[in-house]
> 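I have a structure here, written as structure tokens, and I will follow up with some questions on it.
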Amino acid sequence: MGVANRATGIPVSFRASAAAWACCAAAVAAAPAWADDEPPPPPPPVVVEPAPPPPPVVPTPPPPPPKPDEPKPHAAPPKANTGPAAPAPVNQAPPATAPVNPPPRPPPPLPPRAKTPNPFAVSDKPDKAAKPGAKPKSRRFIEGELANVGAIGLIPWENRFGIVAGLERIGDVYYLALTPGINYSADLADRPFSMSFGAPVRLLVNDTRPAGGWATSVKIRSQDWDQVSDYAQLIRGIQYGGKEDRIYLDVNAFKSSSIGHGAIVRRYNPNLNLNIRQVSAEFDGFGDYGGAELYANNVTGPNVVAAMGFVKPLSLIDRDNYVMRSFSLGATIAADLDAPLRNQLDFADTDNDGRRSGEYLVDQKTFQPGYLSSKVVAMGADAEIKLVDTRTTDWKTYVDYSVLAGGIPADPKDPRWDSDPSKAGNKGVMSSGMAWGNLLRLNLGDDPVHALRMRAEVRRYDANYVPSYFDVMYEIQRVQYRLGATRPDPNGTKLQSVLGRAKLPGDAKVFGGYFEASWRVADYFALAFAIETNNEHMPDNSLFIHLEVPHFKDFQFLATLHRRAADSLGKLFSTTATTRDILIVKGRYRVFDYFHINVEALTPYGIGPDSFFANTLDFNVNAELGWSYGKKSR
């Protein structure tokens, strides 16, 4: 049997025979085609004048054509799909006999292997998730976040397994950290899918607390694995799709998350307090008629949760019109179910430092402060509509209104940590704010693709309200809001500090603005910048600057500087470092295929010697030994 052609499924040898049959059929004058499944019967004997003998016949079909003066043999009827025989040419010599058994044709080349889809690569296929009625695009329109702003870690770009070794500080204790891990990335239903797992093991090196010292024997930090929730840290990341895809799943221990337009939850990262590790989870799903977003900051026992749902009522009328299809009405709710209201103070001098009433009571094993908890809830409603939707441009406008509610003690200056918000005299407080925003996205160029994203908002809110209450620094500020103070207020939690603010004269409103821009060029680099400010001298001014190299040759890099809760716009651009700054620098370089070097510079927040949250510059160098396997990720 011949080798089957991969494009048609027809054996190669059969195709060669068919070609020979075609040549013979053209040479036969006024003769029907021979049957394909058997040779023709021999002709009947006739008496004719002597003639030269015919050329020798090769015993393989098809037989040579008969001479013109010989009777035509009985031929099998033609196949149903064979057309009528061509008329015989007049006074024309028979054509030369076609060569029998010509050499087989070479098989056509195999089709190229499919590659992992890259949203920043050009594709000839239209987007499978394209909206009904939309024009076909040569590549998928880039939406969602363009940079990992707020992330505190890097995930290798390869399918790889190995181990990372380096020094790590938790509070005032230093450990040798060993983390064996494995990464996997592939395409699933035309969208990227990746997983990363690791098992951090910390060995005590030096305890700088008064009762500590250098380790004299190998001792594993037992607090890392003494609860069921600790085993969630085996997950470093599981992600499918991207933000603003029709289906998006993100379970991770590094990145930040936003819900909706970010009016309530914007780039919240539960792992900024590096004394603890929490694995967050987000799921988004939407269609032509509506969708939802769900978030939890800890998969084993969340205290910060959020949900957003929206409907597209005009899609029922006309799904082909992008303006009607894009109009949506949404509602959002988010809450901290364990929000610190009053911090416990170290009256018993648990840390043996001689200070009692002026510092937090800190658990000496987990380095977490004790506090009386309450609840803080944020609720909002929004509407949006798309004004432009082309192959290169996407522009939408939206309006958000949200409220912030919680219980605070009647006397905000009461230093007692055990004030109960449910007692008589204490009160519930509610404040509100609104924003009008525009989001512009541009996709430019083909190779490489340039993606631009810009957002601008105008805000108006109460004095005891703050936009994006659950922000990148919430995990620290929920306990200690005024990080810039020389001696922070022991009871200066974010709930108390924001909802307890005095109103402006005449109940005047605060006016502010927010602007953000990001630019990404394929996997070469991404830049992002944002600033938010107001027309009052209130600690709601913030900015960030971000630079990222997702993957360039053997190099991977990200650097982010956040400056939060400044009293004025001018302080945002001061060259002096403050306790409100977050600096995250991560770099990964492949020296050899099996050996990488990881470098990081961080200002992690942890409980310092004075038992208050403080940021100190840490510089770490880690060695990574590992091996790639299978198909490399994009």
> Using a 3.5 Å distance criterion without hydrogens, assess whether the side chain of Glu168 forms a donor-acceptor pair with backbone atoms of Ala177.
no
> Mind checking whether Tyr474 and Phe470 have parallel, tilted or perpendicular rings, split at 30° and 60°?
perpendicular
> Can you classify the ring geometry of Tyr398 versus His261 as parallel (below 30°), tilted (30 to 60°) or perpendicular (above 60°)?
parallel
> What I want to find out is whether Asp540 reaches Arg501 closely enough, with some N-O distance under 4.0 Å, to be called a salt bridge.
yes
> Mind listing the closest non-hydrogen atom pair of Ala165 and Leu178 along with its distance?
CB-CD2, 3.5 Å
> For the side-chain contact (heavy atoms from CB on, under 4.5 Å) test, which of Leu372, Val479, Asn343, Leu499 pairs with Thr493?
Asn343
> Decide, yes or no, whether a salt bridge links Arg590 with Glu624 under the criterion of side-chain N to carboxylate O below 4.0 Å.
no
> Can a salt bridge be assigned to the pair Asp462 and Lys503 using a cut-off of 4.0 Å between side-chain N and carboxylate O?
no
> Less than 4.0 Å between a side-chain N and a carboxylate O, is that true for Arg459 and Glu532?
yes
> Would Glu145 and Lys255 pass as an ion pair if we require N to O under 4.0 Å?
no
> Locate the shortest heavy-atom distance separating Gln233 from Pro200; write the atom from each residue and the value.
OE1-CG, 3.3 Å
> Would you find a donor on one side and an acceptor on the other, under 3.5 Å apart, between the side chain of Asn297 and the backbone of Asn303?
yes
> Does NZ in Lys375 sit with more than 12 non-hydrogen atoms of other residues, nucleotides or ligands closer than 6.0 Å?
no
> Considering non-hydrogen atoms only, spot the tightest contact between Ala528 and Val149 and give its length.
CB-CG2, 4.0 Å
> If you measure from the Lys or Arg side-chain nitrogens to the Asp or Glu carboxylate oxygens, is any gap between Glu143 and Arg453 under 4.0 Å?
no
> Testing Ile333, Thr332, Val265 for side-chain contact (heavy atoms from CB on, under 4.5 Å) with Met308, which one passes?
Thr332
> Salt bridge or not for Lys586 and Glu548, using N-O below 4.0 Å?
no
> So, do Phe529 and Phe544 have ring centers that fall under 6.0 Å from each other?
no
> Below 4.0 angstrom, N of the basic side chain to O of the carboxylate: do Lys494 and Asp336 qualify?
no
> Quick check: closest heavy atoms across Asn622 and Val164, and the distance to 0.1 Å?
CB-CG1, 3.7 Å
> Any salt bridge between Arg267 and Asp471, counting N to O under 4.0 Å?
no
> Heavy-atom count check: over 12 atoms from other residues, nucleotides or ligands less than 6.0 Å from Phe555 CZ?
yes
> Can you tell me if CD1 on Ile220 sees more than 12 non-hydrogen neighbours from other groups inside 6.0 Å?
no
